Asks: 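I have a structure I would like to understand better, so I am pasting it below and will then ask my questions one at a time.
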Amino acid sequence: MWFKINPASGIPIYLQIGQQIKTAVASGALQPGDQLPSVRELALELTINPNTAAKAYQELEREGIITTIRGKGTFIANQETPLNSKANLELLNHNIDRLIIDALNMRLDLQELKELIDKRLTDWQKNLNREGQT
Amino acid sequence: MSKAIETRGLTKTYGVTPAVKNLNLEVEKGSIFGFLGPNGAGKTTTIKMLLGLLIPTEGTATILGLDTKKDHLKLRQKIGYVPETASLYPYLTVQEHLDLIKSLHKTWNETLINRYLDIFNLPKKQKADQLSKGMQTQLALLLALGHQPELLILDEPTAGLDPIMRREFLQTIISEATQNNQTVFLSSHVLSEVERIADTIGIIKHGELVLTRPVDELKTEEKKIRVVFQGDAPKHILNHPGVIKVEQEKRSYLLTVNSNLEEILVAIEKTKPFAVDILDLNLEEIFFEYTKTEGRLLR
């Protein structure tokens, strides 16, 4: 797992780490049972405060994304689909929120946005159907 | 006692000029504290008082539960200190320095020293004045770490190091000075490195502490909001608690916010503004915000 953090960003470092692990889990790059670096290793690799690395893991553990087995290490949680889809859902919601923010900034109201999305969905559905036929 | 450093009304006056004024500083055990301020703000004076090298004009400093005036000899065993310019003996070799400092301490971790002599590639038989600036700093760090201090105080230690040495220096601190509830007090001008490794930062200006806050909180709460309202700017937003500065340019307002960000955004959204933009601030921008002095070029 390669982490890329930006210390100068407005997002706290522990959240940046958390988001990257969640994205990796949602995309399947990290699978249940995969081992993560220890807090110490992670802190050293990123040259960050060990407290920050620990905080990132604590948050992820609270959300059920990872589990820590004493004496063995930290692993991606051995989760059933609901948990997996929870991470996916979060990612999707995040992207939808960004879309809504963009739309609001363009002075679109939510109904107009909904119509736009509906139209795109219909187009996509048509495309998918056509592909299904060939 | 969960504080590594606690000062109460700490003051140092040179003649009539106050260098440090009524400083109340608290540093949690097990944290990395970034101590920031422009040159001449009183950082080094503060550090010297913490070390018991300067007697405060007024106030007290308690370190690891011990008073810096009464117990400063006991504290020497518990504190590691890397000064701004490594104070080495030019005619002593690396090994002689290590032997000398070892003899002053009750405990000394030979394994740690040897490991880093290796990693830093420090020539044991070379005299200190023949070492590069970077190597002198690395040696000073080893001399401060050998007795495994409970508190490591660093006064602008990475000034003059190249980026590789600087990264190595920070990694050494992370692996050797943050275990077992050890505390690091780091004064630095390299804000990007402080941003990386500090839990909490304190900013000192003209001898006074103008801000102490956890870095994560700084990141999520200290923002600027650029907003264009439909009509005149509503007073209740400009005066909202947490809005610390309002700038105006034509119809566009720039609000500097240091708390209640969510609440303020909701209030702004209710006025149906033409445009809202949230601007993240990095540590450098926050630093300028708090240390700006009238009449200087920076704005």
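Labels below follow one simple rule: chain letters A, B, ... track the order of the sequence lines, proteins then strands, and each chain is numbered from 1. The model shown is predicted, which means the values in this text are computed figures rather than measured ones.
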Asks: Pairing donors with acceptors under 3.5 angstrom, does anything connect the side chains of B:T200 and B:E28?
Replies: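 On atom types as modelled, these side chains do not qualify, holding no pair under 3.5 Å.
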Asks: Does any heavy atom of chain A fall under 4.5 Å from the side chain of B:L283, the backbone, both, or neither of them?
Replies: neither
Asks: Is it the backbone or the side chain of B:Q179 that comes under 4.5 Å from a heavy atom of chain A, or both, or neither?
Replies: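 Its backbone and side chain both get close to chain A.
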Asks: For the candidates B:N282, B:L279, B:D216, which exhibits the highest count of non-hydrogen atom pairs separated by less than 4.5 Å from chain A?
Replies: B:D216
Asks: Looking at A:T47, A:I48, A:L104, which has the largest count of heavy-atom pairs under 4.5 Å with chain B?
Replies: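 Counting heavy-atom pairs under 4.5 Å, the top option is A:T47.
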Asks: Tell me whether the count of non-hydrogen atoms from other residues, nucleotides or ligands lying under 6.0 Å of CZ in B:R226 goes above 12.
Replies: no
Asks: Which bit of A:T52 is near chain B, if near means a heavy-atom gap under 4.5 Å: side chain, backbone, both or neither?
Replies: neither
Asks: As a test of understanding, state which of B:T158, B:L161, B:L170 forms a side-chain contact (heavy atoms from CB on, under 4.5 Å) with B:V190.
Replies: B:T158
Asks: Do other residues, nucleotides or ligands put more than 12 heavy atoms under 6.0 Å from A:R98 CZ?
Replies: no
Asks: With chain A as the partner chain, list the residues of residues 252-265 of chain B whose heavy atoms fall under 4.5 Å from it, by residue number, and write 'none' if nothing qualifies.
Replies: none
Asks: For B:V276, is it the side chain, the backbone, both or neither that has a heavy atom under 4.5 Å from a heavy atom of chain A?
Replies: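 Only the backbone of B:V276 comes within 4.5 Å of chain A.
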Asks: Tell me if the centroids of the rings in B:F185 and B:F35 come within less than 6.0 Å of each other.
Replies: yes
Asks: Could you pull out the closest heavy-atom pair between B:Q230 and B:R251, with the gap in Å?
Replies: O-NH2, 3.1 Å
Asks: For B:K245, does the NZ atom have more than 12 heavy-atom neighbours from other residues, nucleotides or ligands under 6.0 Å away?
Replies: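 Yes.
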Asks: Could you list all the salt bridge (Lys or Arg N to Asp or Glu O under 4.0 Å) pairs where at least one residue sits in residues 155-165 of chain B, not counting sequence neighbours?
Replies: B:K43-B:E156
Asks: Is it the case that B:S175 and B:Y116 place a side-chain donor and acceptor less than 3.5 Å from each other?
Replies: yes
